[in-house]
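Written below as structure tokens is the structure these notes are about.
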Amino acid sequence: SPEYIAYLNKSLSTRTPQEILEWALISLPGLVQTTAFGLTGLAILDMISKIREKRGLDQHPVPLIFIDTLYHFKETLDLAQKASETYNAPLQIYTPNTFPSTSAFEDHHGQKLWETDPDVYDYLVKVEPGRRAALENNAQVTITGRRRSQGAARAAIPILELDSSVSPPMLKLNVLADWDYNKVWGYIQENKVPYNELHEKGYKSIGDWHSTAPTAPGESERDGRWKGQEKTECGLHKDYFKMRSSFLAAEKKRKNGQR
């Protein structure tokens, strides 16, 4: 219930991220980590690995899921494999349904769908694969890399969050909700966590190559995403049913136009 989640959040607010993860591994069934291997996701992956070592577990205890949108930077794809190997964590890769390659996707949906219909693009390359990954892993709780310091819709996120936009409802565990960029970067450096080479070129938040730019001095870490647009989220953290409805409406319109 919302009341119980509020109670848990009050308790979790006094714990370290490592303690939150240890609690989650014991208390929350159906736990998965979905990440594009940004700094926060990598820090969490490192923490989970250290808990695994501490407990003497033979296998990585949380399914590791990567949504390959078909438009990631090569550096991100290389990092995904490197992180999987570094932490001996089997990587589950999900691509847009029935479109395993960029060419196949564009043959069906056209080029630059992210410009012509961004909501449909987000649904096809991120939301649908993410939902499919959750269902195939019987996920009940998704570990995210969202932090309050990233601002916009993330500014007030709790540590444990109920997502009622999917059926059945799921929980999101925002382990590093109260960390800022510098604290995450400090953890990465101190623990020698592998990270995306693009961070050395001025990128702070990294998504698809067509909607990601380096941040200038004085800009917040996510100002490099969707520059010149009002958009602040990719779709994974928006209302699933609304995203799906937008896609179905666009698909119906497309089919009618072909007649």
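Basis for what follows: all heavy atoms, side chains included, without hydrogens, waters or symmetry-related copies.
Other residues, nucleotides and ligands contribute at most 12 non-hydrogen atoms within 6.0 Å of the CD atom of Glu197. Residue Lys112 qualifies as open at atom NZ: its count of foreign heavy atoms under 6.0 Å is 12 or below. Around atom CD of Gln59, no more than 12 heavy atoms belonging to other residues, nucleotides or ligands sit under 6.0 Å away.
Counting all heavy atoms, side chain and backbone alike, Asn88 lies closest to Pro90 at O-CD, 3.7 Å. When all heavy atoms of Glu106 and Tyr71 are compared, the pair lying nearest together is OE2-OH, 2.7 Å. Closest approach of Ser84 to Ala89, counting heavy atoms only: OG-O, 2.6 Å. Across all non-hydrogen atoms, the minimal contact from Ser164 to Pro169 is CA-CB, 4.2 Å. Contact between Asp180 and Arg147 at its shortest, heavy atoms only, is C-NH1, 3.5 Å. Residues Leu160 and Ile5 share a closest heavy-atom pair of O-CG2, 3.5 Å.
Hydrophobic clustering (ILVMFWY, side-chain heavy atoms < 4.5 Å, transitive): Leu28 and Leu162 are in one cluster. In the hydrophobic cluster analysis, where Ile, Leu, Val, Met, Phe, Trp and Tyr join through side-chain heavy atoms closer than 4.5 angstrom, Met47 is grouped apart from Val32. No single ILVMFWY cluster, assembled from side-chain heavy atoms under 4.5 Å apart, contains both Leu77 and Leu70. Cluster membership for Met170 and Leu135, using ILVMFWY side-chain heavy atoms within less than 4.5 angstrom, is not shared. Under the 4.5 Å side-chain heavy-atom criterion for grouping Ile, Leu, Val, Met, Phe, Trp and Tyr, Tyr187 is connected to Val175 within one hydrophobic cluster.
With sequence neighbours excluded, no residue satisfies ring pair (Phe, Tyr, Trp, His ring centres under 6.0 Å) with Tyr87. Scanning for ring pair (Phe, Tyr, Trp, His ring centres under 6.0 Å) contacts around Trp179 gives an empty result, with sequence neighbours left out. Listed by chain and number, the residues in a side chain to side chain donor-acceptor pair (under 3.5 Å) with Thr14 amount to none (sequence neighbours excluded). Residues meeting the ring pair (Phe, Tyr, Trp, His ring centres under 6.0 Å) test with Phe105, sequence neighbours left out: Phe99, His109. Phe37 pairs by the ring pair (Phe, Tyr, Trp, His ring centres under 6.0 Å) definition with Phe66, not counting sequence neighbours. With sequence neighbours left out, the side chain to side chain contact (heavy atoms under 4.5 Å, CB included) criterion links Glu22 to Ile51, Lys54, Arg55.
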task = Step by step, work out the side chain to side chain contact (heavy atoms under 4.5 Å, CB included) result for Leu8 and Tyr4.
result = CA-CA 6 Å; Leu8 289 175; Tyr4 186 57; 3.6 Å; yes
request  = Decide side chain to side chain contact (heavy atoms under 4.5 Å, CB included) for Lys192 and Asp46; before the verdict, give the C-alpha distance in whole Å, the side-chain angles of both, and the deciding distance to 0.1 Å.
outcome  = CA-CA 10 Å; Lys192 296 181 172 57; Asp46 185 80; over 6 Å; no
ask   = Going through the distances and angles, do Asp208 and His72 end up as a side chain to side chain contact (heavy atoms under 4.5 Å, CB included)?
value = CA-CA 5 Å; Asp208 291 341; His72 279 296; 4.1 Å; yes
task = Begin with the C-alpha distance, continue with both residues' side-chain angles, and end with the deciding distance and a verdict on side chain to side chain contact (heavy atoms under 4.5 Å, CB included) for Arg154 and Thr144.
result = CA-CA 12 Å; Arg154 306 183 177 199; Thr144 86; over 6 Å; no
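Here the straight-line distance linking atom NZ of Lys183 with atom CG of Leu176 works out to 9.0 Å at 0.5 Å rounding. Interatomic distance, CD1 of Ile157 versus CG of Asn174, reported as 4.0 Å (0.5 Å rounding). In this structure, Leu42 CG and Ser49 OG are separated by 12.0 Å, a value rounded to the nearest 0.5 Å. Considering CD of Gln92 and CG of Asp68, their distance stands at 14.0 Å, rounded to 0.5 Å. The OG atom of Ser167 sits 7.5 Å away from atom CZ of Arg131, with the distance rounded to the nearest 0.5 Å. Once rounded to the nearest 0.5 Å, the distance linking CD1 of Ile20 with OG of Ser13 reads 8.5 Å.
Counting only heavy atoms from C-beta outward, the side chains of Glu75 and Lys201 approach each other to under 4.5 Å. Residues Gln81 and Ile93 have side chains in contact (heavy-atom distance under 4.5 Å, counting atoms from C-beta outward). With contacts defined as side-chain heavy-atom distances shorter than 4.5 Å, the pair Phe73/Thr212 qualifies. At a threshold of 4.5 Å between non-hydrogen side-chain atoms, the residues Ile143 and Ile48 count as touching. Annotation: side chain of Glu128 is not in contact with side chain of Tyr94 (no heavy-atom distance under 4.5 Å). Side-chain contact between Leu173 and Ile159 is present, with heavy atoms from C-beta onward closer than 4.5 Å. Side-chain contact between Leu79 and Pro194: present, with at least one pair of heavy atoms (C-beta onward) separated by less than 4.5 Å. The shortest side-chain heavy-atom distance between Gln18 and Leu21 does not fall under the 4.5 Å cut-off.
A donor-acceptor pair under 3.5 Å is formed between the side chain of Asn196 and the backbone N or O of Leu198. Side-chain atoms of Thr35 never come within 3.5 Å of backbone atoms of Ile65 as a donor-acceptor pair (strictly under, hydrogens ignored). Formation of a donor-acceptor pair under 3.5 Å by the Glu161 side chain with backbone atoms of Pro158 is not found in this model.
The aromatic rings of Trp114 and Tyr121 sit perpendicular to each other, their planes meeting at more than 60°, with 30° as the lower class boundary.
Between Asp78 and Lys82 there is no salt bridge, since no side-chain N of the basic residue sits under 4.0 Å from a carboxylate O of the acidic one.
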